[in-house]
**Q** 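One structure coming up, written as structure tokens, with questions to follow.
Atoms considered below: every heavy atom in the structure, side chains included; atoms not considered: hydrogens, waters and symmetry mates. Counting convention: from 1, in listed order, for ligands and their atoms alike.
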Amino acid sequence: MLNNRTHRTRVLVLGGAAVAALALSGCSQDTLDQWGRWGMPASASEQAPWIGNLWNGAWIASMVIGVFVWGLIFWVMFRYRRKNDKEVPRQTRYNLPLELLYTLVPFLIIGVLFFFTVQSQDNVLAKTPGGAAHTVNVLGQKWSWTFNYMEDQNPAVGAVVHEGGTIEKIPDLYLPVNESVRFNLTSADVIHSFWVPEFYFKLDVIPGHPNSFDVTPNRTGTFLAKCAELCGTYHSAMLFNVHVVSVDEYNAYLKGLLAKGQTGELKAPVWVNTVPSAPAEEHER
Ligand SMILES: [Cu+2]
């Protein structure tokens, strides 16, 4: 009997391990790394760990509580299952200390999560002491983005330059690595949301209510960013590419915009009139 059971357990464990190995061998290292971050992309900013740690911590706390609660449920199910028709347990019962405990413990859990949420929020919204090294004024518009690089104080560029996206052409946003950037977000029409997933950060772009935040990109690369607020018919077209590059490449790119005559700050979208009347399907991404 015991041997049989041991044998069955061994078969189950080996079978489970084989299935797990097969499932995992289909994953690339990237996918495995992403599992380690509970689904988050690899971060690319100095501020991202505040959100990353909050995300990981919340998942771990949820798992611990989940396993504990599932354990209690199954323990009660088996321990107090009906064993015969004569003995029925008392159907009404209370336990004051236990009831106080399960009322207070959730408040404690919420309190801990609240503390870490506020702490992370304060840190990702903190402004760079003495001001950020660069300023980008972002205009959200139906249905693209305009980026104004306020680089008139930057000797390497010496001017305000801009790039405006259209619904046909996704705009590029260049950022210098390891330098702080202040983003000022304004909207020309409806509420959009500025979201670079690798920065673990998004902020609403609200008409009549300028929002701003500072971020320091710390990993070079090209990241696909987007509008994270369902803002209208062509919301799905509101993508933009973020290129985090060296300071030299950043300055060179801005000088390229300067050479093309894209100077001054674009405060109103001139692109709105270019929205085509084509069916929405053609623009789904
Ligand atoms: Cu939008």
**Q** Which N, O or S atoms belonging to the protein are less than 2.8 Å from the Cu ion (ligand 1)?
**A**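 Listed by chain and number, the atoms are His192 ND1, Cys227 SG, Cys231 SG, Met238 SD.
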**Q** Can a donor-acceptor pair be found between the side chains of Asn211 and Asp204 at a distance below 3.5 Å?
**A**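 The answer is no; no qualifying pair exists.
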**Q** Answer yes if the side chains of Lys127 and Ser212 hold a donor-acceptor pair under 3.5 Å, and no otherwise.
**A**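 Present: a donor and an acceptor within the cut-off.
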**Q** Test Glu163 against Lys169 for salt bridge (charged side-chain N to carboxylate O under 4.0 Å, His left out), laying out the working first.
**A** CA-CA 11 Å; Glu163 182 183 355; Lys169 196 202 164 289; 3.4 Å; yes
**Q** Between Asn218 and Asn178, is there a side-chain donor-acceptor contact under 3.5 Å, judged purely by atom types and distance?
**A**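 Absent: no donor and acceptor within the cut-off.
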**Q** Show every ring-ring contact (aromatic ring centres under 6.0 Å, His included) that has at least one partner inside residues 242-268, sequence neighbours left out.
**A**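 Found His134-Tyr250, Tyr174-His243, Tyr174-Tyr253.
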**Q** Verify whether the ring centers belonging to Phe240 and Phe194 lie closer than 6.0 Å.
**A**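 Close enough - the centres of the two rings lie under 6.0 Å apart.
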